[in-house]
Amino acid sequence: MHDPQTEPTASERPPRRLHQPWRLVVFGVEVLLAAVLIALAFPAWENSVVRIELPDASGGTVVSRMLGSWVALAVLAVTTGGLLLIDALRHLALGVRAGGPDRRSRAGPESESRSESAPESGSTSESGDTPDSDSRS
């Protein structure tokens with residue numbers, strides 16, 4: 001069934017990179033698709049309203065009728081466009097935060113200076129803790 005010995009540990013797994021510059025292209029495509037869908041929703045909504053004139057002795061009565069298929073299409077287009085905009089904003093945030101190839105670490109330069117002065121991972125410090133242990137717990 002499930003063998004925990006065959007699973008790679010967190011240090012053995014390759015890191016997942018969420019912040020990638022290609023996400024800016026996805027952002028542009030999703031914004032364009034959302035704009036098209038929202039623009040198409042307006043004619044669909046206008047097609048959903050049918051005006052019927054009933055003859056009457058006083059000059060007639062106008063009745064409006066809504067066609068459900070056109071209303072559903074308009075609502076679906078706006079909803080899908082809105083979801084695409086939300087996802088596009090997520091891609092924008094992840095694409096802008098992506099650093100270039102010369103970006104060092106997410107923690108910044110201060111962590112590099114600490115790692116240079118820290119003892120090796122197998123040794124212990126004066127307090128008896130390993131450098132990898134969390135001192136807050």
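In what follows, residues are counted from 1 in the order of the sequence shown.
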Q: Using the rule that Ile, Leu, Val, Met, Phe, Trp and Tyr join whenever any side-chain heavy atoms are under 4.5 Å apart, tell me whether V50 and V63 fall into a single cluster.
A: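 The answer is yes; both residues are in one hydrophobic cluster.
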
Q: Does I38 reach the side chain of L85, with side-chain heavy atoms less than 4.5 Å apart?
A: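 Yes, their side chains come closer than 4.5 Å.
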
Q: Please report the closest heavy-atom contact between P43 and A39, naming both atoms and the distance.
A: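 Heavy-atom minimum between the residues: CD-O, 3.0 Å.
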
Q: Any salt bridge (charged side-chain N to carboxylate O under 4.0 Å, His left out) pairs touching residues 68-90, not counting sequence neighbours?
A: D87-R90

Q: Sorted by first residue and then second, give each salt bridge (charged side-chain N to carboxylate O under 4.0 Å, His left out) pair with at least one member in residues 24-36; sequence neighbours left out.
A: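 As it turns out, there is no salt bridge (charged side-chain N to carboxylate O under 4.0 Å, His left out) pair with a partner in residues 24-36 once direct neighbours are skipped.
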
Q: For L76, what residues pass the side-chain contact (heavy atoms from CB on, under 4.5 Å) criterion, not counting sequence neighbours?
A: T80

Q: Going by the rule side-chain hydrogen bond (donor to acceptor under 3.5 Å, both in side chains), which residues pair with T61 if we only count those two or more places apart in sequence or in a different chain?
A: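 None.
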
Q: How would you list all residue pairs meeting salt bridge (charged side-chain N to carboxylate O under 4.0 Å, His left out) that involve residues 34-48, not counting sequence neighbours?
A: none

Q: State, to 0.1 Å, how close A77 and A41 come at their nearest heavy-atom pair, and which atoms those are.
A: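 Scanning both residues, the minimum pair turns out to be CB-CB, 4.0 Å.
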
Q: Output all residues satisfying side-chain contact (heavy atoms from CB on, under 4.5 Å) with L32, sequence neighbours left out; order by chain, then residue number.
A: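 By the side-chain contact (heavy atoms from CB on, under 4.5 Å) rule, L32 matches no residue at all.
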
Q: W70 and A44: which non-hydrogen atoms are nearest, and at how many Å?
A: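 It is CB-O, 3.5 Å.
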
Q: Before giving the answer on side chain to side chain contact (heavy atoms under 4.5 Å, CB included), spell out for I52 and V62 the whole-Å C-alpha distance, their side-chain angles and the decisive distance to 0.1 Å.
A: CA-CA 6 Å; I52 301 170; V62 177; over 6 Å; no

Q: Using side-chain contact (heavy atoms from CB on, under 4.5 Å) as the criterion, list what pairs up with L40, not counting sequence neighbours.
A: V36

Q: Just to verify, what does R65 make a side-chain hydrogen bond (donor to acceptor under 3.5 Å, both in side chains) with, not counting sequence neighbours?
A: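 side-chain hydrogen bond (donor to acceptor under 3.5 Å, both in side chains) list for R65, sorted by chain: empty.
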
Q: Apart from L33 itself, what residues make up its hydrophobic cluster, given side-chain heavy atom links below 4.5 Å?
A: V29, L37, L84

Q: In the hydrophobic clustering that connects Ile, Leu, Val, Met, Phe, Trp and Tyr at side-chain heavy-atom distances below 4.5 Å, which members other than M66 occupy its cluster, ordered by chain and number?
A: W45, V49, V71, V75

Q: Run through the side-chain heavy atoms of Ile, Leu, Val, Met, Phe, Trp and Tyr, join any pair under 4.5 Å, and report what else lands in V78's cluster.
A: none

Q: Output all residues satisfying side-chain hydrogen bond (donor to acceptor under 3.5 Å, both in side chains) with N47, sequence neighbours left out; order by chain, then residue number.
A: none

Q: Do you know the tightest heavy-atom contact between S64 and R51?
A: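 Reported closest heavy-atom pair: OG-NH1, 3.1 Å.
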
